[in-house]
Number of protein chains: 2
Amino acid sequence: MTQLSRREHLVDTALGLFQESGFHSTGIDRILNEAGVSKKTMYQHFHSKEELIYAALRKYDSTFRNYYMNMIEKSGRTPRERLMAMFDITDEWMHSDRFYGCIFINAMGEYAQEDQTIRNICKDFKHMLWRYIYKLSKEAGADNPNGLANELHLLIEGAIVTAHVSQNVGAGEIAKRIGERCIAAYLDGDKKQDSR
Amino acid sequence: MTQLSRREHLVDTALGLFQESGFHSTGIDRILNEAGVSKKTMYQHFHSKEELIYAALRKYDSTFRNYYMNMIEKSGRTPRERLMAMFDITDEWMHSDRFYGCIFINAMGEYAQEDQTIRNICKDFKHMLWRYIYKLSKEAGADNPNGLANELHLLIEGAIVTAHVSQNVGAGEIAKRIGERCIAAYLDGDKKQDSR
DNA sequence: AAATTGGGAAACCGATCTGTCTCCCAAAAT
DNA sequence: ATTTTGGGAGACAGATCGGTTTCCCAATTT
């Protein structure tokens, strides 16, 4: 096993445990035991647990981004179809057997004011997602793509939290129904949207 | 100081620290130090840290409920006005100097699968909030109060998370704009809402 | 005035945390 | 074949965790 794949495997294992059990309550020893990696090896890749957390969050960021965007672009042809498909993909994800909410929302809760790096990684992820929705909104021909992106992004957040905390399996469909209305208002509307 | 107020003060202090710093990273010693209460006294009120967490969450539940509902009922006369006022009250709360997101969303992230009691307290809180929105929706004359409550509740969740994680101070207004559209669709609509 | 009691301060306990260090062996390099 | 090296196993250190216990004093009770 090469250096690189060993490192990747460690990050993957850590990520899985962080998702399942949270960050503070997942000890280094448990991660190493599960990954079959020694402490010595880990600490020459990451100087602290926090660095491992950063790596896990960044890994999730890029994995999720690729998966999500690929699925959306495969599911819809036009930008408008893709905006709608986003709700279906999100719904699928929320119904997967191991759904523990959004890891960035969870991380933000655990590191409310302690670790600015973690907060920024979370914020940046959300901003990346927003920009993608903004791009699709613009391509779909919205007069006010900014407003539409704000609304659709907020709906996705609401769906994730509702599915997770309220344990409402219909959250994705609820969000989709609202989303349809938002998209119609911005794309089919009588063109007097304000520009907020 | 009576027994009762000492206990209340301890719970209040714990609640504040849990909100600021999370549950796992807030140690017993810090809570006691801040509250000016000895360990001995605490442990004859609560048999464990987890019981203190339960008490703090329940206290927040009842405090929030009273505050939120009073404000809403003071801000709007008709049920429909109150549904709209809900977004304003939420927006005010999210703009307060010490806003750390929703403590129940945060708790659900930290205790993803470890503590069923905590999960239930969080779920119950959200359900209580949903029922309140449902009641207002029904009073407002919605054909499908269930559907409207689902949508408005999801919007509130989305606003909270967007304000917290994306640090978007406009989240409340975004949610309100969508909410207006939802309410119009359910109350002014052409009465062919499906009953999902 | 003497006895009782509630509770603060803090020592203490065992477990667990992050992070370092040593020992040792297998595989690669020479 | 001998040397070097990467890395696993795990002991260890120091801090901190939740939780128990002791000690002691001030306030109340009798």
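Chain identifiers are assigned alphabetically (A, B, ...) following the order of the sequence lines, protein sequences preceding nucleic acid strands; residue numbering begins at 1 within each chain.
In the hydrophobic clustering, where aliphatic and aromatic side chains (Ile, Leu, Val, Met, Phe, Trp, Tyr) are joined below 4.5 Å either directly or transitively, B:Trp130 groups with B:Tyr134. Cluster partners of A:Val169: none. The rule joins Ile, Leu, Val, Met, Phe, Trp and Tyr whenever side-chain heavy atoms lie under 4.5 Å apart, and it links nothing here.
Within the 4.0 Å cut-off from OP1 or OP2 of D:dG8, at least one side-chain nitrogen or oxygen of A:Thr41 is found. Taking 4.0 angstrom as the limit, A:Arg6 places a side-chain polar atom (N or O) nearer than this to OP1 or OP2 of D:dG7.
Residues satisfying the ring pair (Phe, Tyr, Trp, His ring centres under 6.0 Å) criterion with A:Tyr68, sequence neighbours excluded, are A:Phe64. When the side chain to side chain donor-acceptor pair (under 3.5 Å) test is applied to A:Asn70, no partner is found at least two apart in sequence or on another chain. Listed by chain and residue number, nothing satisfies the ring pair (Phe, Tyr, Trp, His ring centres under 6.0 Å) test with B:Phe87 (two or more places apart in sequence, or in another chain).
The aromatic rings of A:His164 and A:Phe99 sit perpendicular to each other, their planes meeting at more than 60°, with 30° as the lower class boundary.
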Can you check each nucleotide of nucleotides 14-21 of chain D against protein heavy atoms at under 4.0 Å and return B for base, S for sugar-phosphate only, - for none, in 5' to 3' order?
----BBB-
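Rounded to an integer number of Å, the gap from CZ of A:Arg30 to C1' of C:dT18 is 16 Å. Going from atom CD1 of A:Ile31 over to atom C1' of C:dT16 covers 14 Å, rounded to whole Å. Per the geometry, NE2 belonging to A:His9 stands 15 Å off P belonging to D:dG7, to the nearest Å.
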